[in-house]
Amino acid sequence: MDSRIEITALLREALARTVPEAADAEIVLERPREAAHGDFACNLALQLARRLNKNPRQLAAALAAALRALPGFGSGPIERIEVAGPGFINLHLAARARHAVIDAVLRSGAAYGRASAAKPERIQVEFVSANPTGPLHVGHARQAALGDAIAKLLEAQGHVVTREFYYNDAGVQIRNLTRSVQARARGLKPGDAGWPQDAYDGEYVQDIAQEFLARNTVRAADGAAVTASGNAEDLESLERFAVTYLRREQDTDLQRLGVNFDAYYLESSLYADGKVEAAVRRLIASGKTFEAERALWLRTTEYGDDKDRVVRKSDGSYTYFVPDVAYHLTKWQRGFRRVVNVQGTDHHSTVTRVRAGLQALDLGVPPGYPDYVLHSMVRVMRGGEEVKISKRAGSYVTVRDLVDWVGRDATRFFLVSRRADTEFVFDIDLALAQSEENPVYYVQYAHARVCSVFTQWGGDVQALHGVTLAPLAGARELALMQRLGEFPELLRTAAQEFAPHAIAFYLRELAAEFHSYYNAERILVDDEQVRAARLALCAAVRQVLANGLALLGVSAPEKM
RNA sequence: GCGCCCGUAGCUCAGCGGAUCAGAGUAUUGGCCUCCGAAGCCAAGGGUCGUGGGUUCGAAUCCCGCCGGGCGCGCCA
């Protein structure tokens with residue numbers, strides 16, 4: 001039994017007996033930072049004081065008295081109640097209630113911390129969604145780490161998650177790419193006479209051209225093999241080959257990061273299947289469009305946009321906004337009632353527009369659909385200077401560079417250990433010079449240390465289930481158990497807020513408390529009972545470290 | 001100019017549906033390995049939480065102004 005739930009119920013009962021008129025008040029249990037403030041703290045009295053026009057301390061005292069008077073209180077999870085400060089109710093758990101977390105962790109194993117949703121939802125997380133015009137850069141790496149961690153978090157809450165990658169394989173950028181490869185195939189270089197305008201100058205274009213001329217075959221994760229014709233005048237083959245080649249490169253990089261997608265959605269299919277046309281017809285039918293200056297507009301201002309948007313340009317083609325709306329409509333139609341889009345803040349203006357477009361379809365899509373997680377840009381410093389991220393320049397730091405330099409675990413942990421909306425300065429020199437001191441090693445080291453203790457011990461971990469935990473009474477042991485107990489609610493909150501960085505911080509703290517404990521106390525002592533109890537605690541710590549790291553896509557090594 | 005986001009210790013950052021919230025890492029300084037892994041631990045110094053108001057018994061947290069930074073503001077994607 002989760003003591004948090006149990007205690008909330010007790011407080012609810014005490015509240016009903018003390019002030020029945022406020023029995024419906026929300027009961028929030030906090031985890032105090034100070035051990036002296038107990039295992040849980042409740043500010044209920046402070047919250048209610050004004051509403052009831054009562055002194056908060058007296059109210060708290062009354063609630064505390066009511067708690068103590070509840071039948072069966074003595075055998076319940078609470079050992080001691082204190083009223084503190086302006087009116088906090090500090091609750092101290094009985095030893096057996098504290099120890100319960102270890103049984104819970106060992107019993108649940110890899111499932112500890114996970115929840116089974118009362119109503120599991122089918123949720124789609126869309127992320128990366130890079131266009132196939134070049135290698136993935138560090139911004140994509142951040143998005144991959146973030147998106148995958150969010151997906152894992154939602155899965156851990158019992159939902160069924162689809163990871164989707166959307167890409168533009170139809171626009172002007174693809175034409176530029178094709179012409180760039182063609183120019184390279186003809187032996188031109190950037191700057192030469194005849195080098196196309198708006199071409200991609202990166203060296204990788206030369207690689208594609210060479211493989212194209214060699215009539216090589218490439219294959220991307222979601223498609224059939226494509227063999228190059230080798231004819232530099234064959235634009236169709238050039239395009240298919242170049243796109244597939246780059247998609248394969250992106251797939252490879254994402255796999256190096258340990259990120260895999262369940263679905264790929266092609267913009268071209270929206271046109272091929274008539275979904276773009278259908279969306280336009282639907283917008284017109286809903287009466288939210290108007291014609292002006294030989295173009296067709298949508299009144300997005302009716303849905304919070306700061307200006308109306310063009311749907312069909314005066315030349316008859318559609319703006320990119322239309323396939324965007326059509327695409328998001330398919331998400332709704334495919335049954336995803338919850339969708340999380342992970343994007344860079346440079347696209348934040350599309351949030352209002354896409355939502356407005358979905359509203360204007362008049363199909364009952366909720367106004368806040370879909371959810372967005374916007375992350376700030378990643379700036380890369382090297383040699384004390386900023387490396388510009390520009391596909392055109394072809395001199396940017398790629399996902400591959402990053403993984404090669406600092407490894408997959410460090411890349412993922414690092415990129416996800418900051419809030420999405422904070423700017424990220426990735427100092428390559430620092431990451432290289434201090435790769436041994438990267439925070440990820442600290443957490444992994446704690447895991448490896450526990451493993452090492454178990455190797456030394458040589459016993460059967462299964463035998464630790466149900467051992468007497470009474471010897472676990474030291475301050476460090478209590479702190480560790482409390483920390484372990486926080487894990488499930490931490491995951492709940494992190495999932496709710498799409499905030500995987502909270503896991504990284506939690507793991508840091510758990511690892512720190514373990515290292516501190518390890519240095520202060522010997523685990524493998526002679527006393528059998530004490531040894532067994534400490535080993536059980538260590539096993540639980542190891543399990544939670546592993547569970548948390550898994551959610552971030554980071555390995556939990558047994559040796560380092 | 002308008003919109004969104006961000007200003008917390010020298011540096012990188014948590015905390016932001018108010019109270020028990022002044023925190024972590026790193027850097028600096030001083031300690032700890034005949035003892036389960038020193039990629040570790042213990043200790044010290046370091047911030048009027050950008051700034052000025054407001055709401056509140058109580059504000060880093062909520063509201064407004066200002067300053068500073070980022071990103072957007074196309075019949076580009």
Side-chain angles (χ1 to χ4, degrees), chain A residues 26 28 30-38 41-43 46-47 49-50 55-56 84-88 90 131 133 168 170-174 176 198 267 292-297 304-307 309-321 323-324 344-352 374-377 379 414 417-427 430 434-446 448-457 499 501-502 504-506 508-509 511-512 514-525 531 534-535 538 559-560:
Chain A
E26 190 189 6
V28 179
E30 294 173 349
R31 297 280 194 173
R33 178 168 299 199
E34 296 289 324
H37 297 143
C42 184
N43 65 356
L46 291 159
Q47 297 291 352
R50 188 179 314 164
N55 177 306
F88 287 99
N90 291 339
N131 287 339
T133 53
N168 173 325
V172 61
Q173 294 174 61
I174 298 296
N176 288 341
D198 298 323
E267 185 186 5
E293 301 167 60
R294 305 202 308 130
L296 183 70
W297 299 68
D305 205 353
D306 53 359
K307 59 181 82 165
R309 301 294 166 176
V310 170
V311 170
R312 190 173 57 223
K313 300 185 246 182
S314 52
D315 68 1
S317 64
Y318 298 118
T319 58
Y320 72 96
F321 158 66
D324 262 10
T345 54
D346 54 337
H347 286 96
H348 74 74
S349 62
T350 67
V351 175
T352 309
L374 301 179
H375 70 267
S376 296
M377 300 293 93
R379 291 180 20 227
F414 209 63
S417 62
R418 281 156 173 69
R419 247 174 47 200
D421 58 7
T422 64
E423 255 190 82
F424 194 97
V425 179
F426 206 117
D427 189 325
L430 199 69
Q434 301 194 339
S435 61
E436 299 276 293
E437 297 172 26
N438 199 298
V440 68
Y441 292 108
Y442 184 82
V443 176
Q444 290 182 318
Y445 182 56
R449 253 185 164 175
V450 179
C451 292
S452 174
V453 172
F454 278 105
T455 304
Q456 183 90 8
W457 174 53
H501 75 274
F505 279 90
Y506 171 88
R508 228 264 155 216
E509 284 166 7
F514 173 73
H515 285 309
S516 177
Y517 175 55
Y518 181 90
N519 268 72
E521 305 286 352
R522 196 178 164 77
I523 311 298
L524 298 175
V525 291
R531 186 176 65 218
R534 289 181 176 176
L535 281 167
C538 287
K559 286 180 184 174
M560 294 176 67

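Source: prediction; values computed, not measured. The sequence lines fix the lettering, A, B, ..., with proteins before strands; numbering per chain opens at 1.
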What is the base-pairing partner of [N], counting Watson-Crick and G-U wobble geometry with both distances under 3.5 Å?
| N | value |
| --- | --- |
| B:rU61 | none |
| B:rC21 | none |
| B:rG1 | B:rC73 |
| B:rC66 | B:rG50 |
| B:rG10 | B:rU26 |
| B:rC36 | none |
| B:rU56 | none |

For the side chain of [X] and the base of [N], is some donor closer than 3.5 Å to an acceptor across the two?
| X | N | answer |
| --- | --- | --- |
| A:Ser349 | B:rG72 | no |
| A:Asn90 | B:rU20 | yes |
| A:His348 | B:rG3 | yes |
| A:Ser516 | B:rC41 | no |

Classify the nucleic acid contact of [X] as base, sugar-phosphate or nothing, counting any heavy atom under 4.0 Å across all strands shown.
| X | result |
| --- | --- |
| A:Ala84 | base |
| A:Tyr445 | base |
| A:Ala448 | base |
| A:His501 | sugar-phosphate |
| A:Tyr442 | sugar-phosphate |
| A:Ala41 | nothing |
| A:Asp306 | nothing |
| A:Arg508 | sugar-phosphate |
| A:Glu509 | nothing |
| A:Lys307 | sugar-phosphate |
| A:Thr422 | sugar-phosphate |
| A:His37 | base |

With no hydrogens and no angle check, is any side-chain donor or acceptor of [X] less than 3.5 Å from a backbone partner on [Y]?
| X | Y | result |
| --- | --- | --- |
| A:Thr319 | A:Val310 | yes |
| A:His37 | A:Ala84 | no |
| A:Arg534 | A:Arg522 | yes |
| A:Ser376 | A:Asp421 | yes |

Please measure how far the [atom1] atom in [N] lies from the corresponding atom in [M], and state the result in whole Å.
| N | M | atom1 | result |
| --- | --- | --- | --- |
| B:rA19 | B:rU61 | C1' | 11 Å |
| B:rC67 | B:rG50 | C1' | 8 Å |
| B:rC71 | B:rC41 | P | 38 Å |
| B:rG15 | B:rC73 | C1' | 33 Å |

Starting the side chain at C-beta, find the nucleotide from [options] nearest to [X].
| X | options | value |
| --- | --- | --- |
| A:Asp346 | B:rA77, B:rG72, B:rU12 | B:rG72 |
| A:Met560 | B:rA39, B:rC71, B:rA19 | B:rA39 |
| A:Arg419 | B:rG15, B:rG37, B:rU20 | B:rG15 |
| A:Glu423 | B:rC36, B:rA14, B:rG70 | B:rG70 |
| A:Ile523 | B:rC71, B:rC36, B:rA77 | B:rC36 |

Taking atom C1' of B:rU56 as reference, at what distance in whole Å does atom CD of A:Gln47 sit? 13 Å
Rounded to the Å, how far apart are A:Ile174 CD1 and B:rA77 C1'? 11 Å
Assess the pair A:Phe424 and A:His375: is the distance between their ring centroids shorter than 6.0 Å? no
For RNA chain B, whose closest nucleotide is more 5', that of A:Arg309 or that of A:Ser376? A:Ser376
Taking for A:Ala295 and for A:Gly87 the nucleotide of RNA chain B with the nearest heavy atom, the one nearer the 5' end belongs to A:Gly87
Check this for me, if you would: do A:Asp306 and A:Arg309 make a salt bridge, where the nitrogen-to-carboxylate-oxygen distance has to be below 4.0 angstrom? yes
B:rC71, OP1 or OP2 - any side-chain N/O from A:Thr345 closer than 4.0 Å? no
Would you say A:Lys313 reaches B:rC76's phosphate, i.e. side-chain N/O to OP1/OP2 under 4.0 Å? yes
Using the purine O4'-C1'-N9-C4 or pyrimidine O4'-C1'-N1-C2 torsion, is B:rC33 syn (within 90° of 0) or anti? syn
Qualifying residue for side-chain contact (heavy atoms from CB on, under 4.5 Å) with A:Glu267, from A:Asn131, A:Ile174, A:Asn168: A:Asn168
What one should report as the nearest heavy-atom pair of A:Ala446 and A:Phe514 is O-CE2, 3.8 Å
